[in-house]
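Right, one structure below, let's go through it.
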Number of protein chains: 2
Amino acid sequence: MWLRTSGREERGGPPLSRQRIVDEAVALLDAEGADRLTMRRLAERLGTGSTTLYWHVKTKDDVLDLALDAIFAAVPIPEDERWRAGVTRLIGDWRATLLRHPWSAALLGRPMLGPNVLARSDYLYGTLVAAGVVEPHLTAAAFGLSNFVIGSALMQATWLVNADAETRDAARQHMDHQRDHYPALAAHGPLTVADDWDASFEYGLNWLLDGVEATIATG
Amino acid sequence: MWLRTSGREERGGPPLSRQRIVDEAVALLDAEGADRLTMRRLAERLGTGSTTLYWHVKTKDDVLDLALDAIFAAVPIPEDERWRAGVTRLIGDWRATLLRHPWSAALLGRPMLGPNVLARSDYLYGTLVAAGVVEPHLTAAAFGLSNFVIGSALMQATWLVNADAETRDAARQHMDHQRDHYPALAAHGPLTVADDWDASFEYGLNWLLDGVEATIATG
DNA sequence: CTGGTCACTCGAACAACGATCCGGTGGAGG
DNA sequence: CCTCCACCGGATCGTTGTTCGAGTGACCAG
């Protein structure tokens, strides 16, 4: 009796729950990438049978949706800042979070309706409204900022994180070999110039914000 | 003899080639979406065995890469236009093509190194350079414009094309039900306001181009 | 103590997938 | 006629997401 471990500890950790599944899924995605996430591997890390997961979660896609929303909990919602500083901080943290979990880039093509994402979108809309942005510029601003950060993170994750050095070298060589086909690209392209993703992101973001700000003055 | 059909016609169409495989893949993707593309179904449409495809193509990912690049052939490269008009046209056609093939949104997370994509990127860089855009604004402009169009198409394809009406209604209902949690989103959000994706896209694009243009004057 | 309910677990199995192996086939060239 | 070789495809392997149905143990009414 005293020597018999409880079934709970045999399987490692607290009882299975949706939260534990999602947390472990994020850890697995961070460690091994999107294509290495399978229900069996996830269950193994949780110390359970793979089919057990389906009691807590309907499909694998649900796990991905939940994992994608979960990482946005790390994006703080700004407080007591002027609208432009707040938006800048939100979008910057948004991007940093996406880049910290590069697998998220591959999941951006699915509806993001989790509570964390919605709360941050709500802040974005609310801040723009409070700043005096009105339709049609309001929707354009919210869409533009979201789309810009999504596109930026997607492209950077594709190249700097997901693509191995082998792929990047092959790409460089490929373009160097066809230098006369793509003259401008070879002379000024991203693989030639030492590019600064952070600086480029800030330039683009400020151009967008300048445009939004200009609509406030003129109505 | 005269009644015996040639083996070629029995299997339907001209001999198998990489080009035919890619064309049929695009047609299949257009008709049924990304997750319905399998090597077996693709082979069936081509009237061949599934394993035959692997003689012309190394992996399924190759098919996807080729299909993704193939659709960019429909994006004309502007000629004889002032830089801003040319860039506007290129980016607009870029977006239209992505939206005409909504499955492409899910593939944007992979390196785009096909000849069609590279040629259009080359035009973008070349036009910006000719317009007088210099570093660090050059990279920022090229990245910003690409990322913006990618993000816009990705988000719009996600919501207006890939998500069925059922999903959209559920989303609307979900947000309406939590109206107090997301006040700004409920009042001004994209599912409340009748949003105009095209107009929003143009606003964002012009804000970016205004920013780029301003860097030319000031150096 | 008993019997039963209910949340939860999991081994076995299924259909479908990407990919490989290896034996064909048919036309071109010697 | 034989040989070569680009091209084809049936059989098959390992893996995937998901379902089915049989369990297990805690808890509760009687």
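In what follows, chains are A, B, ... by sequence order, proteins preceding strands, each numbered from 1. These figures come from a predicted structure and were not determined experimentally.
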B:T52 side chain near D:dC7 phosphate (N/O to OP1/OP2, under 4.0 Å)
no
Distance check needed: D:dT15 C1' versus A:D35 CG, whole Å only.
13 Å
Starting at atom NZ of B:K60, determine the distance to atom C1' of C:dC17, rounded to an integer number of angstrom.
8 Å
Protein-nucleotide distance (B:R41, atom CZ; C:dA15, atom C1'), rounded to Å
14 Å
Residue pair A:N147 / B:L154, side-chain heavy-atom distance below 4.5 Å
no
note: B:M39, atom CE; D:dG14, atom C1'; distance rounded to Å ~ 17 Å
Find the distance B:L53:CG to C:dT20:P and express it as a whole number of Å.
13 Å
In whole angstroms, the gap separating P of D:dG14 from CZ of A:R40 amounts to 14 Å
d(CZ, B:R18; C1', D:dC7) in whole Å:
15 Å
By the 4.0 Å heavy-atom rule, please label B:L37 as base, sugar-phosphate, or nothing.
sugar-phosphate
Regarding the side chain of A:T38, the nearest nucleotide among C:dC17, D:dT16, C:dT20 is D:dT16
With sugar-phosphate meaning primed atoms plus P, OP1 and OP2, does A:T59 contact a base, only sugar-phosphate, or nothing at under 4.0 Å between heavy atoms?
sugar-phosphate
For A:W55 and C:dT9, is the shortest distance between a side-chain N/O and OP1 or OP2 below 4.0 Å?
no
Go through the N and O atoms of the side chain of B:T51 and the base of D:dG10, and report whether any donor-acceptor pair is under 3.5 Å.
yes
So which nucleotide from D:dG17, C:dC17, C:dG18 ends up closest to the side chain of B:Y54?
C:dG18
Please check the phosphate of C:dA7 (OP1 and OP2 only) for any side-chain N or O of A:H56 closer than 4.0 Å.
no
Step-by-step side chain to side chain donor-acceptor pair (under 3.5 Å) determination, A:E202 to A:N206:
CA-CA 6 Å; A:E202 271 183 47; A:N206 277 317; 4.9 Å; no
Tell me whether the guanidinium CZ or amine NZ of A:R95 lies under 6.0 angstrom from the six-membered ring centre of A:F201 and within 45° of its axis.
yes
Between A:Y125 and B:Y182, does the ring centroid distance fall short of 6.0 Å?
no
Heavy-atom nearest pair, B:P115 first then B:D69, reads CD-OD2, 3.3 Å
Just how far, in rounded Å, is C1' of C:dA19 from CG of B:L64?
15 Å
